[in-house]
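Naming convention: chains lettered A, B, ... in sequence-line order (proteins, then strands); numbering from 1 in each chain.
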Amino acid sequence: MAETTSGKVTTREGAPAGGGLPSPRAKAPGTRLSVNLRQSGIYVAFALIIVLFSVLTGGELLSPQNISNIMVQNSYVLILSIGMILIIIAGHIDLSVGSVVALCGAIAAVLMVEMDTPWPLALLVTLVAGALIGAWQGYWIAYFGIPAFIVTLAGMLVFRALTLTVLGNQGIGPFPDEVRTLSNGFLPGYLGNIGLGPLGGADLFTLLLGLAAVAGTVGTQWRARQGRIGYRQQVDALPLFALKMAAVAVVVMTVVVQLARFKNLPWVLLLLALLVLGYTLLTNRAVFGRHIYAIGGNVHAASLSGINVKSVTFWIFVNMGVLSALAGIIFAGRLNQAGPTAGNGFELDAIAAAFIGGAAVQGGVGKVVGAITGGLIMAVINNGMSLIGAPSERVMLFKGLVLLAAVAFDIWAKRRAGASAG
Amino acid sequence: MTDDMTDHILRMRGITKTFPGVKALQDVNLAVRRGEIHAICGENGAGKSTLMKVLSGVYPHGSYEGEISFDGQPCRFTGIKDSERHGIVIIHQELALSPYLSIAENIFLGNERTRRGLIDWNRTNAEAAELLERVGLRENPVTPAMDLGVGKQQLVEIAKALSKRVRLLILDEPTAALNDEDSAHLLGLLRGLRDEGITSVIISHKLNEIEAIADSVTILRDGRTIETLDMKAGEVDEDRIIAGMVGRDLEHRFPPHEPRIGEEILRIEDWTVHSPTQHGRVVVSGASLTLRRGEIVGLAGLMGAGRTELAMSVFGRSYGVGISGRVYKNGREIRLGSVREAIAHGLAYATEDRKRYGLNLIEDIKRNVSAAALGKLAGRGWIDDNEEYRVAEGFRADMNIKAPNVMAVTGKLSGGNQQKVVLSKWIFADPDVLILDEPTRGIDVGAKYEIYSIVNRLADQGRAILVISSELPELLGLCDRIYAMSAGRVTGEVSRSDATPERLMQLMTKEKE
């Protein structure tokens, strides 16, 4: 039944490693810990930060309303960080996303508020506009060969300027109710409330969705594990596997129960969950995703292996444009107004989320879940520090140091692993 | 050990260097006589580079055990600057010139010729010119380093070492990237320096060079000193050195092979390629060649002859502009507009520079093996990673790739094992025509033999193999037929039975008529 627990090395995908045959005992004893630490360090840090702020805020951090706030307030940065991690894995950067968020919010506002376009059509047009913006930048980067840093720095100025032009230098609003609901609202309680004893009433539909998510995760992981055993690969021992699954279940259900007790599931959280699921599949299992890693790891080798580097690069920027448009709509809907300063500094938040989440500066390394975790770490710091009444300069200071520490840790861990290989 | 009467400039005694979990050097001894050329041999991973890093202070005193004495004085180098002050200069395999700086600026980098705190350009350039004269490099000292070929850059490195009043010069694989001509010049220069009293320690895989130039050879194996041979005593030849390096007798350098040659599979006609950087320069000119099933064909030439450029331009136009000519596969003309098309037509090209162009060094074996034929593992765009694992494990066992499993990162494998991963990648793509560019560059003797066996096996499966190599013995030992190129033209074709080093060298140096 259970394989040996010894000599286990967890790879980046979280997939268990080690030949099915004689296990990799030859590895240096120190390596295993540092390898594991490098990959799981971010989650450990996340847990520590949550514990820290729970204590500092007297438990308020994890209160139903606050959890809901953290999700809703940060959804747009998390969405951006998904697009950004793909770009960073490919070895590029995008400095323009803040301006693109503003421009797309402005386009949506003009369409819905000033031109009375039906909101579904307006959303579609805005997403297409985002795609075109991405295609514009992707063309210069992929086909013309200008470094992404330069192209998107130019884009940062150009799209901000266009935002001001479109808006005529003033805010436009209010948005239709449907758009505001998408940004700010909650799923209706389709099945009513049930009592949870001392926890009070909670939305049944939200709870069922949470249970379905947990069951789905455990089911897929179990199938994957069985598949690996079928191929005689080494996998986590059964107790460890069960422990991991239990941890996932506890974390998901805690969040879900709290959300169900407050109102219901926020629409943006549902959207975000679907995006994370989709993009995780894309990066882990799709050929396109694999090509992104190959390009970031060694662009020459990728090209000589028959990968169409230009096309892949082009499409990840188109993708970033679409996600920026989505974030722009959600942000504008949340403020109920598209403003000239919308999205200021979002690019830096998204980039920071990706790097805190374990992306490598040289490209080739990174995970969608990592970027989301990185984004949540910053969100919890923001939220927790504002709960305890810390001034904003101190929040900024702390976030800056966390970013530096995260990358320093990554480089340190890499160097240690490298030194032991001699 | 007691000192005999020999005058040793350098003695390293009982050097042990440990990395977490790995003993890279164990009780290594090295004694170098004053004014000699001392070669250090060993397979990859034997500890040669580590030993030189200990000597030059890259690993400072305290990070290793054992003692070093230089010129009779015990030494405790704290860093590379410290060892340079004593006159020990190391030139690494990867040259460290700053591309946009001039030759003169590079020579005096970190050691600038100044007057009252400002750089004295007249002195800088004048002294650089003198040094260039000494190393036999006829270039203007203000030329940017990037305009020089590898061979000339190597000479600049030596000039730089001379500017530091070097007494012990360490060269790590100095000729690995050089053609025969440049290598010969470099070796001549080392002899000249020896006559001027400069001692050299040279790490090299090229045993014929060692035989030609070294006064003594120290052989390392698995982080230990095996023996020091005196080359002047005679009776030491390549086979003797190999025996020491691998710890066994290598009867033959090349596995026996009985070729089974079939019909023509690929024909290149009148192939011309222009340089993408230098406008209008013809790199390959009207080249034609033919490959047949089951045949191993060599492509000989000096550096700059256009061999790699020919191969890469055929392989989906991955090099060059203004390409003209025709390619026929099985008698039918095909178009190879992109690497993707080339792979689809059954071509594969394993690059001469596997670290820069061949492998994703931060990824594992598995993902490198699958990179060129991911489609075979993916149904409707989704990769079956269990199948990927199975395929990669198969290659690991089949090719004898030394790694605990296929999740090992390729950047940490030795050169030979990296090359096996590159070969696995292309074999998995199942090509009919496999172009191998310098397949054994930087690989130790034991792994070379394995690579040759793999090449033979691939030919026996009915594939055509084109081997580009700068080592004539390799072409002579491996190939059924050899083309020679010179200055972009195919200057001749020699069958195995007619091939001699002299005949090939004649074709390789043939001028345009």
Checklist entry - Are the side chain of Asn298(A) and the backbone N or O of Arg356(B) linked by a donor-acceptor pair below 3.5 Å? => result yes
Checklist entry - Which residues pass the salt bridge (charged side-chain N to carboxylate O under 4.0 Å, His left out) test with Asp430(B), sequence neighbours left out? => result Arg463(B)
Next on the checklist: With rounding to the nearest 0.5 angstrom, report the CD1 to CZ distance, Ile307(A) to Arg340(B).
Outcome noted: 8.0 Å
Checklist outcome for this item: Assert top hit (heavy-atom pairs under 4.5 Å, partner chain B, pool Gly227(A), Gly306(A), Ser303(A)) equals Gly306(A)
Next on the checklist: Is it true that, when you exclude Phe149(A) itself, more than 12 heavy atoms of the residues, nucleotides or ligands shown sit nearer than 6.0 Å to its CZ?
Outcome noted: no
Next on the checklist: Distance check, rounded to the nearest 0.5 Å: Ile362(B) atom CD1 versus Gln362(A) atom CD?
Outcome noted: 8.0 Å
Checklist entry - Taking it one step at a time, do Glu387(B) and Tyr231(A) satisfy side chain to side chain donor-acceptor pair (under 3.5 Å)? => result CA-CA 8 Å; Glu387(B) 192 58 25; Tyr231(A) 277 83; 2.8 Å; yes
Item to check | Choice from Leu281(A), Val299(A), Leu282(A) maximising heavy atom contacts with chain B below 4.5 Å | outcome: Leu281(A)
Checklist entry - Which region of Ser49(B), side chain (C-beta onward) or backbone (N, CA, C, O), has a non-hydrogen atom less than 4.5 Å from a non-hydrogen atom of chain A, or is it both or neither? => result neither
Checklist entry - In Å, rounded to the nearest 0.5 Å, how long is the span from OG of Ser305(A) to CH2 of Trp426(B)? => result 5.0 Å
Checklist entry - If you draw a 6.0 Å radius around CZ in Arg224(B), do more than 12 non-hydrogen atoms from other residues or ligands fall strictly inside? => result no
Item to check | Residues Arg290(A), Glu363(B): salt bridge by 4.0 Å N-O rule | outcome: no
Checklist entry - Any chance NZ of Lys329(B) has more than 12 other-residue heavy atoms, nucleotides or ligands included, within less than 6.0 Å? => result yes
Checklist entry - Just how far is it from atom CD of Glu393(B) to atom CD of Gln233(A), taken to the nearest 0.5 Å? => result 8.0 Å
Next on the checklist: Would Arg367(B) and Tyr293(A) count as a cation-pi pair here, with the cationic atom under 6.0 angstrom from the ring centre and within 45° of the axis?
Outcome noted: yes
Next on the checklist: Using 0.5 Å steps for rounding, measure from the CG atom of Asp384(B) to the CZ atom of Arg285(A).
Outcome noted: 6.5 Å
Checklist entry - Would Val287(A) and Ile383(B) count as a side-chain contact (heavy atoms from CB on, under 4.5 Å) if you check the C-alpha gap in whole Å, the side-chain angles of each, and the deciding distance to 0.1 Å? => result CA-CA 6 Å; Val287(A) 172; Ile383(B) 299 162; 4.0 Å; yes
Checklist entry - Which heavy atom of Arg232(A) sits nearest a heavy atom of Tyr389(B), and at what distance? => result O-OH, 3.8 Å
Checklist entry - Does any heavy atom of chain A fall under 4.5 Å from the side chain of Ser318(B), the backbone, both, or neither of them? => result side chain
Checklist entry - Between Leu304(A) and Met312(B), does a side-chain contact (heavy atoms from CB on, under 4.5 Å) hold up when you go through it step by step? => result CA-CA 9 Å; Leu304(A) 282 174; Met312(B) 286 183 76; 4.1 Å; yes
Checklist entry - Under the side-chain contact (heavy atoms from CB on, under 4.5 Å) criterion, do Asp385(B) and Arg228(A) qualify, and how do the steps go? => result CA-CA 9 Å; Asp385(B) 45 4; Arg228(A) 291 214 173 84; 4.2 Å; yes
